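This report refers to the structure that appears directly beneath it.
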Amino acid sequence: MSDCLFCKIISGEIPSSCVYEDDQVFAFNDIDPQAPVHFLVIPKEHISGADAITSENSAVVAHIFEVIANLAKKHKLDGFRVVSNCGQSAGQTVMHLHFHVLSGRDMTWPPG
Ligand code: AMP
Ligand code: ZN
């Protein structure tokens, strides 16, 4: 999608601090970290959010969680939280499906 910030990050048009990439997914550090470790994992295919996951595109979501588990092991994360905000009222600001991975501090529950 030409006007999508995260599609531009995937293409390299906008620079990012990449932590992992393969043919299906891209992961990079959040520009405004909310924890000592805060990166985003996104599908390379433009999917607008968690409400746009279908039987046709859902395989990448399983792959994203496999990548998250591998990155957690690689970086020896001692507990982490995965968050996907969906819709404006839930705090989604970029309309390209993404999973926040947060770690390195105690988390509170429920989230705000
Ligand atoms: P959300 O608010 O759940 O849609 O998450 C979007 C996230 O993208 C926020 O945590 C932002 O800090 C992050 N973000 C926005 N622009 C960039 C960028 N250029 N590079 C890295 N992260 C970004
Ligand atoms: Zn996009």
Side-chain angles (χ1 to χ4, degrees):
M1 245 204 165
S2 56
D3 62 345
C4 170
L5 173 69
F6 286 175
C7 284
K8 287 179 180 167
I9 283 178
I10 291 163
S11 72
E13 189 180 336
I14 291 176
S16 69
S17 165
C18 179
V19 296
Y20 177 82
E21 180 177 16
D22 66 25
D23 58 328
Q24 295 177 66
V25 313
F26 194 84
F28 55 105
N29 287 312
D30 197 293
I31 204 166
D32 181 21
Q34 301 301 312
V37 175
H38 184 180
F39 59 86
L40 303 170
V41 188
I42 66 177
K44 286 192 169 175
E45 176 188 357
H46 180 88
I47 299 170
S48 59
D51 56 348
I53 296 168
T54 65
S55 54
E56 280 75 41
N57 65 22
S58 63
V60 72
V61 178
H63 182 58
I64 283 172
F65 274 84
E66 184 188 346
V67 166
I68 290 170
N70 288 337
L71 288 172
K73 280 188 204 99
K74 181 179 172 191
H75 295 287
K76 297 186 167 51
L77 300 187
D78 179 23
F80 59 90
R81 179 171 288 175
V82 182
V83 176
S84 186
N85 299 318
C86 182
Q88 262 188 337
S89 63
Q92 185 178 7
T93 58
V94 179
M95 299 298 149
H96 181 127
L97 178 65
H98 52 282
F99 294 87
H100 298 258
V101 179
L102 301 134
S103 184
R105 66 167 169 82
D106 289 339
M107 303 285 161
T108 58
W109 191 263

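Just so you know, these numbers come straight off a predicted model, no measurement behind them. Whatever order the structure lists them in is the order used to number ligands and atoms, beginning at 1.
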| request: Give a yes or no on whether Y20 and I9 share a hydrophobic cluster (residues Ile, Leu, Val, Met, Phe, Trp, Tyr; joining criterion: side-chain heavy atoms under 4.5 Å apart). | output: no
Donor-acceptor contacts, no H, no angles, side chain residues 64-81, under 3.5 Å, sequence neighbours left out:
{"unit_1": "N70", "atom_1": "ND2", "unit_2": "E66", "atom_2": "O", "d": "3.4"}
{"unit_1": "R81", "atom_1": "NH1", "unit_2": "T108", "atom_2": "O", "d": "3.0"}
{"unit_1": "R81", "atom_1": "NH2", "unit_2": "T108", "atom_2": "O", "d": "3.0"}

| said: Under the rule for side chain to side chain contact (heavy atoms under 4.5 Å, CB included), what residues qualify as partners of D30, not counting sequence neighbours? | reply: D32, H38, L40, H100
| query | Are any of the side-chain heavy atoms of I53 and L97 separated by less than 4.5 Å? | reply | yes
| message | Does any part of the side chain of S84, heavy atoms only, come nearer than 4.5 Å to the side chain of Q92, both counted from C-beta? | response | no
| field | Polar protein atoms near the Zn ion (ligand 2) [N, O or S; cut-off under 2.8 Å] | value | C4 SG, C7 SG, H46 ND1, H96 ND1
| With hydrogens left out, which residues have an atom under 4.0 Å from ligand 1, given that only heavy atoms count? | L5, F6, I9, F28, N29, D30, I31, D32, L40, N85, G91, Q92, T93, V94, H98, H100
| query | Is the closest side-chain heavy-atom distance between V60 and K44 below 4.5 Å? | reply | no
| Contact check, side chains of V37 and V101, non-hydrogen atoms, under 4.5 Å | no
| field | ILVMFWY network linking F39 to F99, side-chain heavy atoms under 4.5 angstrom | value | yes
| Passing candidate, side chain to side chain donor-acceptor pair (under 3.5 Å) with H96, options H46, E45, K8 | H46
